[in-house]
Amino acid sequence: MTKWFDTNYHYIVPEFCADTQFRLSATKIFDEFSEALALGITTKPVLIGPLTYLKLGKTPEAGPPGFDRLALLARLLPVYADILRRLAALGAEWVQLDEPVCSLDLTDAERQALRTAYAALAAAAPSLKLLVATYFGGLRDNLGDFLRLPVAALHVDAVRAPREIDTLLREIDGTKLLSVGVVDGRNIWRSDFTAVSPLLAKARALLGDGRLLIAPSCSLQHVPVTLRHEGKLDPEFKSWLAYAEEKLAEVVALRDLLVGIPRSELGLNATAAASRRTSARIHRPGVNARVRGVAAADLSRAAPFLGRQARQRERLRLPLFPTTTIGSFPQTDAVRSARAQWKKGTIGRAAYEKFIEAETLACVRFQEEIGIDLLVHGEYERNDMVEYFGEQLEGFAFTEHGWVQSYGSRYVKPPIIYGDVERRQPMTVRWSAYAQSLTARPMKGMLTGPVTILQWSFVRNDQPRRDTAFQIALALRDEVLGLERAGIAAIQIDEPALREGLPLRREEWKHYLEWAVNAFRLSAAGVRDDTQIHTHMCYAEFNDIIEAIAALDADVITIETSRSNMELLGAFVSFRYPNEIGPGVYDIHSPRVPAIDEMEQLIVKAAGVLPLENLWVNPDCGLKTRGWTEVRPALLNMVAAAQRLRVRFGSPTAAPALRS
Ligand code: GLN
Ligand code: ZN
């Protein structure tokens, strides 16, 4: 599975090889069309276009060298042609083919393939009207080829790329229809009719009534279904939102307003837009002033890495190949049920916290017993690594029914960042300080980073994402300093979503990475030299972003490498990554317990290419989804592997020292 463009929806990546054959193996699209038709509704079936299908697939590495998936187009098109003919025979008038790859960087060969494909498909079912849709970004250098596709209509994303509309209107040929996606299908905000109407009026003036279609910017799959059941949101906040049903109503209302049919919600729409501009719940005096006041010095640790490393070694006194974990320990049924009872009110806050304390204590004792060097508290108090912080920060809202599809039948309910973000009180200090009070070994504080919080939420659309990220970063910076004051000597700031925030177009990567890195640094850089900052990312494709990863300047980074057999460390090696690094040795996606030898060998491999005194021994990611029956032996083996490594590389097995 991989993420669908820059959404949080995952699809299964099709794999193609040189002898792949295509044939129609499902009747879903025909059955559903016929079912609707029998009810008197002629629908517009929607298919992934052939270029998007091929481009988003992958070619297994074992394939013949030089094999190009585009070569499969000739074999694929007859199947598409067959589908189109059958839909036409069933009575379809329109079919939509989605080609969102038109918002990506395409090669000349890919643009050529796009033209070839649609020339063939247009000829295959001449009675059918084809609508080719792109979304999630502008067309840019693909605009000319897209405009000239020999189809009846084109759809574009006017939310993400409003500035291209003028060119499209000017250059579209005299017979094509243009579908203008003006209602944001990617976010939960209500449209601002006064902002959108002029664009539609211009399009209408240039195209005439018969050639303008009004639409959501993309599929509504990426927003929740309906606001109707959100009974607990207060009216002002609710007035700012639109889910899929409300977005469809907006499309219709915009059409009516355009042609002069009065709509009663026009007033409400204007009131909502005005209140978002002025509401004191959104605009908190001081927050943006603090963001504007961020100075270069706030983004840098006082001393360079080598100086800090020496101070941290003195303070932490960890052995060579120190062992640690990524944060969470098994979220057992007991933990989940205690949280559910507390949320329902069956047990009180005190009883719940007592329960969490007992779990934390058991987790700390377990780590001490097996000999982990840098401990964690286990994250039992957290439901989710973003929600936990969002619930305690100003500017975040949580809905009852704001579910969106993540993959298959799995849904997530992202928080909504609607206003200036502020930290009211410490969020994690209580748990980290409690855990530290139980042990003489160092306890690692555990936070979710600003980019990950941003990336896994619905984000406000009235200021740049960068500004929101900086607001979150400042709140986290205060938390980091609170942890430091509470005596926590190592603090991990997780950024598993840093990579998935990369813009779709390469030319925008630099700008994104610059502010994303700075947001992380802003959250981390306030600490003393002898406080060790960790970060964690659960992937290991770092080749193209390694400079940015190094620029985070975390003292330690833990990454996911066990399944790739350390191949993925390559980026760190060729870059000569200077700071400490924990390449994961335990694949936490599997119930399998890795053997001592296996984990030892992985680190031996890493030690062959990276300075061994910079290496940590840890799992790939948190242990939240695993059971104790696997975690116990796996971590025991992991610690044994580290001990063997210390012997092998000739360093004394220093006993974990007392905290300073
Ligand atoms: N600290 C988190 C945990 O251990 C990190 C999770 C993640 O990287 N997705 O669960
Ligand atoms: Zn992870």
Side-chain angles (χ1 to χ4, degrees), residues 1 3 8 10 323-332 335-336 339 356 359-360 363-364 366-367 372 374-390 406-407 410 412 414-415 427-428 431-432 435 443-457 476 479-480 483 488 490-501 520 523-524 532-542 549 552 554 556-564 568 581-590 616-628 630-631 634-635 638:
M1 280 196 301
K3 293 213 173 202
N8 282 326
H10 302 71
T323 52
T324 192
T325 63
I326 308 306
S328 58
F329 266 74
Q331 292 258 332
T332 56
V335 175
R336 270 192 287 268
R339 185 175 308 122
I356 298 292
E359 293 289 315
T360 307
C363 181
V364 170
F366 167 73
Q367 295 171 81
I372 299 268
L374 178 58
L375 309 197
V376 299
H377 70 283
E379 298 183 22
Y380 295 108
E381 77 287 6
R382 302 185 192 176
N383 33 4
D384 172 274
M385 64 188 286
V386 171
E387 193 172 319
Y388 180 77
F389 291 91
S406 171
Y407 59 86
R410 204 187 135 81
V412 293
M427 303 181 282
T428 65
W431 293 109
S432 292
M443 179 63 56
K444 185 163 60 165
M446 207 55 64
L447 303 171
T448 303
V451 181
T452 298
I453 292 181
L454 187 82
Q455 204 55 34
W456 291 350
S457 303
L476 290 169
E479 184 72 13
V480 165
L483 286 166
I488 302 298
I491 300 163
Q492 178 173 310
I493 305 171
D494 292 325
E495 282 292 23
L498 188 94
R499 191 173 211 295
E500 66 189 55
F520 178 90
S523 66
Q532 188 171 61
I533 295 289
H534 291 231
T535 189
H536 163 72
M537 297 172 190
C538 23
Y539 48 82
E541 307 155 47
F542 291 110
I549 299 299
L552 296 176
V556 184
I557 182 171
T558 53
I559 56 172
E560 176 179 310
T561 38
S562 74
R563 276 181 298 180
S564 79
L568 297 166
I581 177 165
V585 291
Y586 165 20
D587 174 12
I588 58 87
H589 297 292
S590 155
W616 287 67
V617 180
N618 48 261
D620 274 350
C621 187
L623 305 166
K624 187 174 172 172
T625 55
R626 297 263 61 90
W628 273 107
E630 312 133 34
V631 163
L635 292 184
M638 189 183 87

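Numbering of ligands and ligand atoms starts at 1, following listing order.
- Between L498 and M537 the shortest side-chain heavy-atom distance falls below 4.5 Å.
- Residue I326 has at least one nitrogen or oxygen atom sitting less than 3.5 Å from a nitrogen or oxygen atom of ligand 1, judged on distance alone.
- Residue-level proximity to ligand 1 for S328 is carried by backbone and side chain together, each with a heavy atom below 4.0 angstrom.
- Annotation: W456 places no N or O atom under 3.5 Å from an N or O atom of ligand 1; distance criterion only.
- Side chains of S562 and D620: a donor on one and an acceptor on the other come within 3.5 Å.
- Close approach of ligand 1 to H536 is summarised as follows: ligand atoms under 4.0 Å from at least one heavy atom of the residue are 8 (O).
- Using a 3.5 Å distance cut-off with no hydrogens or angles, the side chains of H536 and T558 do pair a donor with an acceptor.
- Protein heavy atom in closest approach to atom 5 (C) of ligand 1: D494 OD2, 3.4 Å.
- In this structure the side chain of N8 reaches within 4.5 angstrom of the side chain of K3, judged on heavy atoms.
- Near G622, with a cut-off below 4.0 Å to any heavy atom, the atoms of ligand 1 are 3 (C), 4 (O), 10 (O).
- The closest approach between M385 and ligand 1 falls below 4.0 Å for a heavy atom of the residue.
- For ligand 1, the atoms sitting less than 4.0 Å from at least one non-hydrogen atom of G327 are 4 (O), numbered in the order shown with element in parentheses.
- Taking the Zn ion (ligand 2) as the corner point, the angle from C538 atom SG to H536 atom NE2 is about 120° (rounded to 10 degrees).
- A side-chain donor from one of E500 and W456 sits under 3.5 Å from a side-chain acceptor of the other.
- Residue C538 approaches ligand 1 through these ligand atoms, each under 4.0 Å from one of its heavy atoms: 7 (C), 8 (O), 9 (N).
- Considering all non-hydrogen atoms of both residues, C538 and E560 come closest at O-OE1, 3.2 Å.
- For the 3.5 Å distance criterion, the side chains of K444 and Q492 qualify, holding a donor opposite an acceptor.
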